[in-house]
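The structure appears right after this line, and notes come after that.
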Amino acid sequence: MNAAFYNEFRNFADIGDRRSAAECVRKFVDSFEGKAERRAWVREFLEHGEYGHKIRHELYRDLVFPELLVGYRTGDPWCLYFLADTIQNVYDVREFHERLEWQSDYSLLLTCYRVAPNFRDVRVQLLGRACRSLNYAIHEWPAGLCCEIEDVESDLTLAKKLDIDGEFTLMFADVDAIITEARIRG
């Protein structure tokens, strides 16, 4: 791999020279000498997380996605997590999404959690999502719930499992009380 091409790409992208940036990306992708080198670069690239909202299409198509797809097929938690993290790139290309069997970022995170329940970053992401979902579900209370009771219970059960530090215990107690009252109201 010739990292100079990647650095040149970043410089051209920063100044808005798309043609030169595209040429450097192509040269960079072509400079890899094997799967092990690609795998190492992808892991380092994703771990540093400096790619923002989306990764340059050619980099994602030719380097990142193929590596993550291999891990998706084998149930590798790291790959599942980073597929979820880079889901906007997947959503932009129908073929990528199809190859992931139309999984959403949330379903990828849930699968990752089932495979590796101690993966802290996954727990944090899922807990945040579950708490946002619970807040949405109860935000109109006492007028009513904004979701089916079963869905609120499911989110609450997951959130309780994920909150190993007990940070949201009071919120969960409030949601439990609301669920109980909603069931009574029928």
Side-chain angles (χ1 to χ4, degrees), residues 1-132 158-159 161-165 167:
M1 157 193 64
N2 187 337
F5 290 133
Y6 181 75
N7 294 332
E8 287 179 32
F9 148 70
R10 299 231 4 208
N11 291 335
F12 285 125
D14 287 345
I15 62 171
D17 184 345
R18 288 193 244 170
R19 180 169 295 180
S20 298
E23 185 177 325
C24 289
V25 166
R26 186 185 50 75
K27 288 178 182 177
F28 177 65
V29 169
D30 291 344
S31 74
F32 283 85
E33 294 188 16
K35 289 181 182 181
E37 191 174 58
R38 286 176 188 248
R39 181 177 304 116
W41 183 85
V42 167
R43 290 197 175 251
E44 183 177 330
F45 175 75
L46 292 175
E47 288 289 338
H48 282 93
E50 297 174 5
Y51 46 85
H53 181 64
K54 287 179 61 181
I55 298 169
R56 172 85 180 211
H57 175 73
E58 298 93 327
L59 293 174
Y60 199 78
R61 179 193 64 213
D62 298 333
L63 298 174
V64 176
F65 185 72
E67 179 65 26
L68 295 179
L69 184 61
V70 168
Y72 168 76
R73 290 179 175 153
T74 61
D76 180 297
W78 188 90
C79 291
L80 292 166
Y81 175 78
F82 279 103
L83 275 168
D85 194 55
T86 62
I87 199 70
Q88 289 307 313
N89 288 85
V90 171
Y91 290 158
D92 282 351
V93 180
R94 180 180 173 87
E95 177 190 343
F96 294 171
H97 205 194
E98 188 175 339
R99 292 176 87 182
L100 295 180
E101 304 165 277
W102 308 104
Q103 298 277 338
S104 68
D105 55 334
Y106 183 69
S107 63
L108 290 165
L109 288 170
L110 283 174
T111 302
C112 185
Y113 175 69
R114 280 189 223 103
V115 173
N118 295 325
F119 194 151
R120 184 184 184 291
D121 291 343
V122 171
R123 278 197 339 268
V124 168
Q125 290 238 358
L126 284 173
L127 179 58
R129 285 169 178 251
C131 287
R132 283 189 299 279
L158 176 63
K161 279 187 211 175
L162 297 168
D163 188 27
I164 59 175
D165 297 329
E167 183 178 348

Rounded at 0.5 Å granularity, tell me how far [atom1] in [X] sits from [atom2] in [Y].
| X | Y | atom1 | atom2 | result |
| --- | --- | --- | --- | --- |
| S104 | H97 | OG | NE2 | 7.0 Å |
| C112 | L83 | SG | CG | 10.0 Å |
| N2 | D30 | CG | CG | 11.5 Å |
| L109 | I87 | CG | CD1 | 9.0 Å |
| Y113 | L162 | OH | CG | 5.0 Å |
| R114 | T111 | CZ | OG1 | 5.0 Å |

Can you find a heavy atom in the side chain of [X] that is under 4.5 Å from one in the side chain of [Y]?
| X | Y | result |
| --- | --- | --- |
| V90 | D105 | no |
| T86 | Y51 | yes |
| E23 | R26 | yes |
| H57 | V25 | no |
| R94 | W102 | yes |
| F82 | D85 | yes |
| R73 | R99 | yes |

Where is the tightest heavy-atom contact between [X] and [Y], given as atom of each residue plus distance?
| X | Y | result |
| --- | --- | --- |
| I164 | K161 | CG2-O, 3.7 Å |
| F9 | L59 | CE2-CD1, 4.1 Å |
| P77 | V115 | CG-CG1, 3.7 Å |
| E58 | A22 | OE2-CB, 4.3 Å |

Between Y6 and F28, what is the ring plane arrangement, given parallel below 30°, perpendicular above 60°, and tilted in between?
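Plane angle between 30° and 60°, so tilted.
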Below 30° counts as parallel, above 60° as perpendicular, anything between as tilted: where do the rings of F96 and Y60 land?
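Tilted.
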Is the count of non-hydrogen atoms from other residues, nucleotides or ligands lying under 6.0 Å from E47 atom CD greater than 12?
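Check passes, neighbour count above 12.
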Side chains of Y72 and E101: is there a donor and an acceptor less than 3.5 Å apart?
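On atom types as modelled, these side chains qualify, holding a pair under 3.5 Å.
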List for me each residue that meets ring-ring contact (aromatic ring centres under 6.0 Å, His included) alongside F12, sequence neighbours excluded, and say none if there are none.
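F12 satisfies ring-ring contact (aromatic ring centres under 6.0 Å, His included) with no other residue.
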Does any N or O in the side chain of E37 come within less than 3.5 Å of the main-chain N or O of M1, such that one atom is a donor and the other an acceptor?
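Between the backbone of M1 and the side chain of E37 there is a qualifying donor-acceptor contact (under 3.5 Å).
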What pairs of donor and acceptor atoms, side-chain ones from residues 61-69 against any protein atom, are under 3.5 angstrom apart with sequence neighbours left out?
residue, atom, partner, partner atom, Å
E67, OE2, R39, NE, 3.2

